[in-house]
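First the structure, in the form of structure tokens, and then the observations on it.
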Number of protein chains: 2
Amino acid sequence: MPAEASTSRTPSPPLTERQEARRRRILHASAQLAGRGGFDAVQMREVAESSQVALGTLYRYFPSKVHLLVATMQDQLERMHGTLRRKPPAGDTAAERVAETLMRAFRALQREPHLADAMVRALTFADRSVSPEVDQVSRQTTAIILDAMGLDDPTPEQLSAVRVIEHTWHSALITWLSGRASIAQVKIDIETVCRLIDLTTPER
Amino acid sequence: MPAEASTSRTPSPPLTERQEARRRRILHASAQLAGRGGFDAVQMREVAESSQVALGTLYRYFPSKVHLLVATMQDQLERMHGTLRRKPPAGDTAAERVAETLMRAFRALQREPHLADAMVRALTFADRSVSPEVDQVSRQTTAIILDAMGLDDPTPEQLSAVRVIEHTWHSALITWLSGRASIAQVKIDIETVCRLIDLTTPER
DNA sequence: CGCTAATCTAGAACAAGTTTCAGACTTGAT
DNA sequence: ATCAAGTCTGAAACTTGTTCTAGATTAGCG
């Protein structure tokens with residue numbers, strides 16, 4: 001199993017065991033603090049203390065709070081992709097399966113709304129310096145959606161549809177997290193956008 | 001003309017002339033600083049100095065940097081809605097007109113990418129305390145899209161489509177601003193999502 | 001005009017992200 | 001085992017958003 005699948009971006013020098021452990025402690029502390037309190041509760045000094053690492057070291061591993069939270073999201077996403085793989089969605093059409101998959105992910109986020117807040121806010125607040133990492137998250141999300149569609153090599157049109165679905169997914173999450181949309185509303189939006197798939201994938 | 005259309009939310013005590021002038025100076029300084037440098041360049045001390053107002057006063061008018069930038073966005077949006085009204089889009093279908101309108105708005109933003117950055121980042125970073133203002137921006141955007149569609153009372157289905165279009169609009173802007181998507185890509189995404197309108201609005 | 005409450009100003013103070021630095025500790029190669 | 005290079009630590013310093021305070025100014029009113 002590729003334990004460093006997400007690291008494939010930067011062929012950084014392989015970490016020693018203790019370094020790997022530090023990295024893990026940091027991500028764990030980050031997720032923990034985010035879990036209660038959300039974005040604001042993830043304070044770099046606290047993350048450092050909580051993971052038994054000096055502040056300077058924390059910054060060596062993750063060059064900013066946003067980097068840290070985006071990495072936390074990568075971590076969680078991988079976990080989720082694994083879970084989803086184990087129980088694939090059951091719908092008849094691609095649109096149904098994608099909608100089901102996203103709603104499943106949404107329910108998982110609802111169980112940890114503060115964590116969701118921290119990760120999503122970091123993701124959309126990220127500036128250019130975090131582009132590679134954000135891109136990685138985006139690729140991972142795309143992979144999840146394509147998995148649900150059951151497609152191996154999608155057409156450009158289908159890729160557009162997937163991108164739009166991702167846009168909707170992120171933005172709908174934000175409106176929900178900031179209390180401007182209900183859970184029901186997010187559900188409707190997801191179902192609505194998933195109809196685009198039928199438009200580009202003439203179901204046989 | 002309803003000069004305080006956007007203020008209708010909070011029936012705050014009417015401002016004196018000098019106060020109105022201060023508010024205007026602040027918004028102007030904010031847009032100016034945002035215009036070069038984007039989100040980070042809008043520093044509250046600089047805004048205060050630049051608009052000849054004490055820091056405490058700035059915070060009395062806008063309780064946070066995000067509030068300030070969202071208000072700046074409201075301001076710009078109103079301007080744009082006026083412009084768009086004067087030259088309505090010419091497409092045959094609702095989908096075409098909406099896409100054309102959004103692309104026109106997009107081109108306007110391209111002329112001031114830093115300003116766009118500041119406003120959009122503030123919008124998506126806003127937490128619950130800014131919900132009313134963000135909601136106001138959202139209503140304004142909805143109004144612009146419905147205008148383009150040429151609809152007076154849309155069906156719930158059409159409203160869903162409009163919401164999804166807004167989601168895509170915001171999120172696509174973000175990917176463009178952070179350099180993860182090209183202008184062409186944004187165009188495709190907008191055109192793709194606008195097809196949803198045809199799905200919910202059987203063109204006669 | 002003269003008073004009172006509200007508003008504004010200048011500036012200090014505080015909070016959290018980020019940077020920096022000197023010294024201690026690890027690691028990998030010889 | 002020893003040394004050089006790289007890493008980690010603890011603590012202070014710096015930046016920018018935000019809050020607070022004491023005193024000046026302004027607005028509305030009798």
Side-chain angles (χ1 to χ4, degrees), chain A residues 10 12-27 29-30 33-34 36-72 117-119 121-122 125-130 133, chain B residues 10 12-27 29-30 33-34 36-72 117-119 121-122 125-130 133:
Chain A
T10 314
S12 44
L15 301 182
T16 73
E17 209 167 306
R18 305 185 55 190
Q19 286 176 322
E20 193 53 58
R22 268 189 209 104
R23 199 185 128 86
R24 213 107 279 305
R25 284 207 306 278
I26 293 174
L27 286 175
S30 168
L33 286 171
R36 47 179 192 296
F39 189 90
D40 293 329
V42 180
Q43 302 196 354
M44 299 304 269
R45 283 174 241 259
E46 281 206 43
V47 172
E49 186 174 358
S50 196
S51 51
Q52 310 248 235
V53 137
L55 191 54
T57 306
L58 172 52
Y59 273 94
R60 170 186 280 273
Y61 280 71
F62 302 97
S64 78
K65 173 169 173 169
V66 168
H67 280 86
L68 170 58
L69 284 172
V70 171
T72 304
D117 171 80
M119 298 188 307
R121 297 262 294 287
F125 191 59
D127 66 5
R128 295 181 116 83
S129 72
V130 204
E133 288 80 1
Chain B
T10 314
S12 44
L15 301 182
T16 73
E17 207 166 308
R18 307 185 55 190
Q19 286 175 321
E20 192 54 55
R22 267 191 210 103
R23 198 186 129 86
R24 212 108 279 305
R25 284 207 307 280
I26 293 174
L27 286 175
S30 167
L33 287 171
R36 51 177 188 299
F39 188 90
D40 292 331
V42 180
Q43 302 194 356
M44 298 305 268
R45 283 173 241 261
E46 281 207 43
V47 173
E49 185 173 359
S50 200
S51 51
Q52 310 249 239
V53 136
L55 192 53
T57 306
L58 172 52
Y59 272 95
R60 169 185 281 274
Y61 280 72
F62 302 96
S64 79
K65 174 169 172 171
V66 168
H67 280 86
L68 170 59
L69 285 172
V70 170
T72 304
D117 171 79
M119 297 189 305
R121 298 262 294 288
F125 191 59
D127 65 5
R128 297 180 115 83
S129 73
V130 205
E133 288 80 359

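Letters A, B, ... mirror the listed sequences (proteins, then strands); counts begin at 1. Just so it is clear, the model here is predicted, and its values are computed rather than measured.
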Can you name the residues that form a salt bridge (Lys or Arg N to Asp or Glu O under 4.0 Å) with A:Arg60, not counting sequence neighbours? none

Under the salt bridge (Lys or Arg N to Asp or Glu O under 4.0 Å) test, which residues partner B:Arg45, sequence neighbours left out? none

B:Leu69 side, atom CG; B:Asp117 side, atom CG - distance, nearest 0.5 Å: 9.5 Å

Return the NZ to CE distance between B:Lys65 and B:Met44, rounded to the nearest 0.5 Å. 8.0 Å

Please give, in whole Å, the distance from [N] [atom2] to [X] [atom1]?
X	N	atom1	atom2	answer
A:Arg60	C:dT26	CZ	P	16 Å
A:Ile26	D:dC8	CD1	C1'	11 Å
B:Arg25	C:dC8	CZ	P	11 Å
B:Leu33	D:dG17	CG	P	11 Å
A:Arg22	D:dG6	CZ	P	17 Å
B:Glu20	D:dT26	CD	P	19 Å

In short, ring pair (Phe, Tyr, Trp, His ring centres under 6.0 Å) pairs touching residues 36-66 of chain B with sequence neighbours left out are A:Phe125-B:Phe39

B:Arg121 versus A:Asp127: any side-chain heavy-atom pair under 4.5 Å? yes

Determine: side-chain N/O of A:Gln19 to OP1/OP2 of C:dT26, distance under 4.0 Å, yes or no. no

Check DNA chain C against residues 39-48 of chain A and give the residues with a non-hydrogen atom under 4.0 Å, in numerical order. A:Val42, A:Gln43, A:Met44, A:Arg45

Tell me which residues in residues 61-70 of chain B lie within less than 4.0 Å of DNA chain C, going by non-hydrogen atoms. B:Tyr61

By side-chain hydrogen bond (donor to acceptor under 3.5 Å, both in side chains), which residues pair with [X], not counting sequence neighbours?
X	value
B:Arg128	none
B:Ser50	none
B:Thr57	none

Sequence-distant partners of A:Gln43, side-chain contact (heavy atoms from CB on, under 4.5 Å), two or more places apart: A:Glu46

Can you name the side-chain contact (heavy atoms from CB on, under 4.5 Å) partners of B:Arg25, sequence neighbours left out? B:Ala21, B:Arg22, B:Ser51, B:Gln52, B:Val53

Counting only side-chain heavy atoms from C-beta out, which of D:dT9, C:dT18, D:dT18 sits nearest to A:Tyr59? C:dT18

Heavy-atom nearest nucleotide on DNA chain C taken for A:Leu55 and for B:Leu58; more 5' hit belongs to B:Leu58

Polar pairs (N or O, both sides) under 3.5 Å between protein and nucleotides 27-30 of chain C?
none

Looking at every strand, decide which applies to B:Gln52 at a 4.0 Å heavy-atom threshold: base, sugar-phosphate, or nothing. sugar-phosphate

